[in-house]
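Notes for the one structure printed next.
Order of the sequence lines sets the chain letters (A, B, ...), proteins ahead of strands, with each chain counted from 1.
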Amino acid sequence: MLDPHLFRSDLDLVSKELARRHFAFDAVAYQALENKRKEIQVKTQQLQSERNSRSKTIGQAKAKGEDIQPLLAQIEDLGVQHKAAEGELADVLLEMSALMEGIPNILDISVPDGKSEEQNIEISRWGDVPNFTFTPKDHVDLGEKLGGMNFELGAKIASARFVVLTGKLARLQRAIIQLMLDTHTDEHDYSETYTPFLANAASLRGTGQLPKFEADLFKASEDPALYLIPTAEVPVTNIVRDVIIDAKELPLKYVCHSPCFRSEAGAYGRDVRGMIRQHQFEKVELVQIVSPETSMQAHEELTRHAEVILEKLNLPYRRMLLCAGDTGFSSAKTYDLEVWLPGQGKYREISSCSNFKDFQARRLQARWRNPESGKPELVHTLNGSGLAAGRTLIAVMENYQDEQGRIHIPQALQAYMGGMTVIE
RNA sequence: GGAGAGGUGGCUGAGCGGCCGAAAGCGGCGGUCUUGAAAACCGUUGAGGGGAAACCCUCCCAGGGUUCGAAUCCCUGCCUCUCCGCCA
């Protein structure tokens, strides 16, 4: 959620910034609602003030043993008026917060204009795209030949967009996850966490998935309302919901491996082949909770932490700065890391690293005590995939294949594979 | 699943329907003392919101209710703890 004060002090700026996102913001309608809110709130508070002072008078009169009947008669209709005003206020506040919750974050100045991913900017490239002397297969063909990657079985057990991994490929995915967790805890100073994989509505609202993106979620239970997490960002970031963090504890750095569940509503026909887009996939997520003035720096560092994994696996990748139109709802600035997939002859997203600034923190009421002011102030939150394990498995398979369809295991994973060097 | 107890500020913990946004302690901050620190002592210290301002409003787990007036009484829900049962 954005700062309501900003809307009141500089509505033009807000309109301009939201226009950059191609978000249709009706400033006139907002202003009308805001005026109504102000009028009703002031009226309600006046009535409350009146009631409070009258009641106090009654208390004092009663203490002195005076007759309070005349006083009671004077305020007969006050209660009715107050109740009506309160109801009106509740309605308008509800309307206001619904409006505010649907408005995306304001972008950082460094985010380029643009409508879609076409306008994203390539920041850097790492590694050499492999030159095969044969036509490289994609992971589906490789998996079929090797065995151990079965989409029909996934469909039989659950539905389309699920997969069953067995044997060495299942282990390879686990090895990838282990490498990521060990690297981030041992080398990047993240604290490993294990969290619930179901989250309640308050948690999902805190990180911004609700109320706007309910269709993207799997609902696991109606009462209490619980959803399968679409990313570990949700449970991990909610660790600090309604918490005032001691300045000494910042930055908080968490790494969490979890399955992620996405309904992929509206993604019909996209990436239907293979493991690129599944209802369930494994991911290692990095989350940082930092003081506001350090978040831009933290964003660069967090993105580097994700890149390190790709470099350890010697997978060619590039870093993209998302343009205004492609940056997610809650994010102020996002880098995507895209890995080279020989089977597609394309770079594909394998990590998305975002700085949310205070957008999530305001929804979460996640604060720190700023030693300079002595007051609780909103923290900044960040997260990024470090990395998506399913897509990393694909990338390893496709980049490390040979003409016989074998997969050579990257050096960094061999220890986790019991010394194995090749899957055949 | 059954029985009981409880949810109050950063933390622990008092709290009679009006004098309670809330005692006390701890912690934090400032000071006295000290070469410095500790101890001791003194002072100070909740959050959110509205209003141009004076000033006002809200918040004692959440949501309802009773009342002129609710941290306090009633109902519902959620959560925590103890005991029993079940259980990887």
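- Below 30°, between 30° and 60°, or above 60°: for A:Phe329 and A:Phe359 the angle between ring planes is above 60°, a perpendicular geometry.
- Taking the C1' atom of each, B:A38 and B:C33 are spaced 12 Å apart, rounded to whole Å.
- Distance noted for atom P between B:G7 and B:C60: 14 Å (whole Å).
- Under the Watson-Crick or G-U wobble criterion, with both distances below 3.5 Å, B:A54 has no partner in any strand shown.
- Across every strand in view, B:A37 sits unpaired, with no contact that passes the Watson-Crick or G-U test at under 3.5 angstrom.
- Between A:Gln365 atom CD and B:G49 atom C1' the separation is 12 Å, expressed in whole Å.
- With rounding to whole Å, A:Glu39 atom CD is found 12 Å from B:G51 atom P.
- Not less than 6.0 angstrom separates the ring centroid of A:Tyr190 from the ring centroid of A:Tyr254.
- You'll find that the side chain of A:Pro376 is closest to B:A47, out of B:A47, B:G18, B:G49.
- Distance noted for atom P between B:C41 and B:G46: 22 Å (whole Å).
- Comparing B:G49, B:U58, B:G18 by their nearest atom to the side chain of A:Asn52 picks out B:U58.
- A straight line from CD of A:Gln45 to C1' of B:C55 spans 11 Å, rounded to a whole angstrom.
- Of the candidate nucleotides B:A52, B:G49, B:C56, B:A52 has the atom nearest to the side chain of A:Lys38.
- Taking the six-membered ring where the residue is Trp, A:Phe162 and A:His279 present tilted rings, their angle falling between 30° and 60°.
- Looking at heavy-atom distances under 4.0 Å, A:Asp246 makes no contact with the nucleic acid at all.
- Among the nucleotides B:G51, B:C57, B:G69, the one closest to the side chain of A:Ser49 is B:C57.
- Here B:G49 presents its P atom at 23 Å from NZ of A:Lys43, a figure rounded to the nearest Å.
- Of the residues listed (A:Lys83, A:Arg37, A:Lys43), the one engaging A:Glu88 in a salt bridge (charged side-chain N to carboxylate O under 4.0 Å, His left out) is A:Lys43, and it is the only one.
- Figure legend. B:G43 is base-paired to B:C29; pairs are counted as Watson-Crick or G-U wobble with both atom distances under 3.5 Å.
- The distance from atom CZ of A:Arg241 to atom P of B:A47 is 21 Å, rounded to the nearest whole Å.
- Spacing between atom CG of A:Leu47 and atom P of B:C68 amounts to 17 Å, rounded to whole angstrom units.
- Below 30°, between 30° and 60°, or above 60°: for A:Phe25 and A:Phe23 the angle between ring planes is below 30°, a parallel geometry.
- Across the interface with RNA chain B, nearest-nucleotide mapping of A:Arg37 and A:Ser53 shows A:Arg37 to be the residue nearer the 5′ end.
- In the model, A:Gln45 has no side-chain atom that pairs as donor or acceptor with a side-chain atom of A:Glu50 under 3.5 Å.
- Side chains of A:Asn52 and A:Ser49: a donor-acceptor N/O pair is absent below 3.5 angstrom, by distance only.
- Straight-line distance between the C1' atoms of B:C55 and B:G4: roughly 49 Å, to the nearest whole Å.
- Nucleotides B:G9 and B:G21 place their C1' atoms 9 Å apart, quoted to the nearest Å.
- Note: CZ (A:Arg51) to C1' (B:U58) measures 10 Å, nearest angstrom.
- Here B:G49 is the nucleotide among B:C68, B:G51, B:G49 with the atom lying nearest to any side-chain atom of A:Gln41.
- Checking the phosphate oxygens (OP1, OP2) of B:G46, no side-chain nitrogen or oxygen of A:Arg367 falls inside 4.0 Å.
- Ranking B:A47, B:C56, B:G18 by closeness to the A:Ile58 side chain, first place goes to B:G18.
- Only the C1' atoms considered, B:G15 is 40 Å distant from B:C86, to the nearest whole Å.
- Looking at the side chain of A:Lys375, the nearest of the listed nucleotides B:U66, B:C68, B:A47 is B:A47.
- Of the inter-residue distances, the one linking A:Leu165 atom CG with A:Leu172 atom CG reads 9.5 Å to the nearest 0.5 angstrom.
- Using a 4.0 Å cut-off, no side-chain N or O of A:Arg369 falls inside it from OP1 or OP2 of B:U45.
- Between B:U58, B:G10, B:G18, one nucleotide has an atom nearer to the side chain of A:Lys62 than all others, and that is B:G18.
- Among the atoms of the strands shown, only primed sugar atoms or phosphate atoms (P, OP1, OP2) are found under 4.0 Å from some heavy atom of A:His5.
- Base pairing of B:A62 is made with B:U76, judged by Watson-Crick or G-U wobble geometry with both donor-acceptor distances under 3.5 Å.
- For the P atoms, the distance linking B:G17 with B:C74 amounts to 11 Å, nearest Å.
- Whole-Å rounding puts the A:Ile244 CD1 to B:C11 C1' distance at 12 Å.
- Judged by Watson-Crick or G-U wobble contacts below 3.5 Å, the nucleotide B:A3 has B:U82 as its partner.
- Rounded to whole Å, the P atom of B:C57 lies 45 Å from the corresponding atom of B:G2.
- Between A:Lys83 and A:Pro4, the one whose closest nucleotide on RNA chain B sits nearer the 5' end is A:Pro4.
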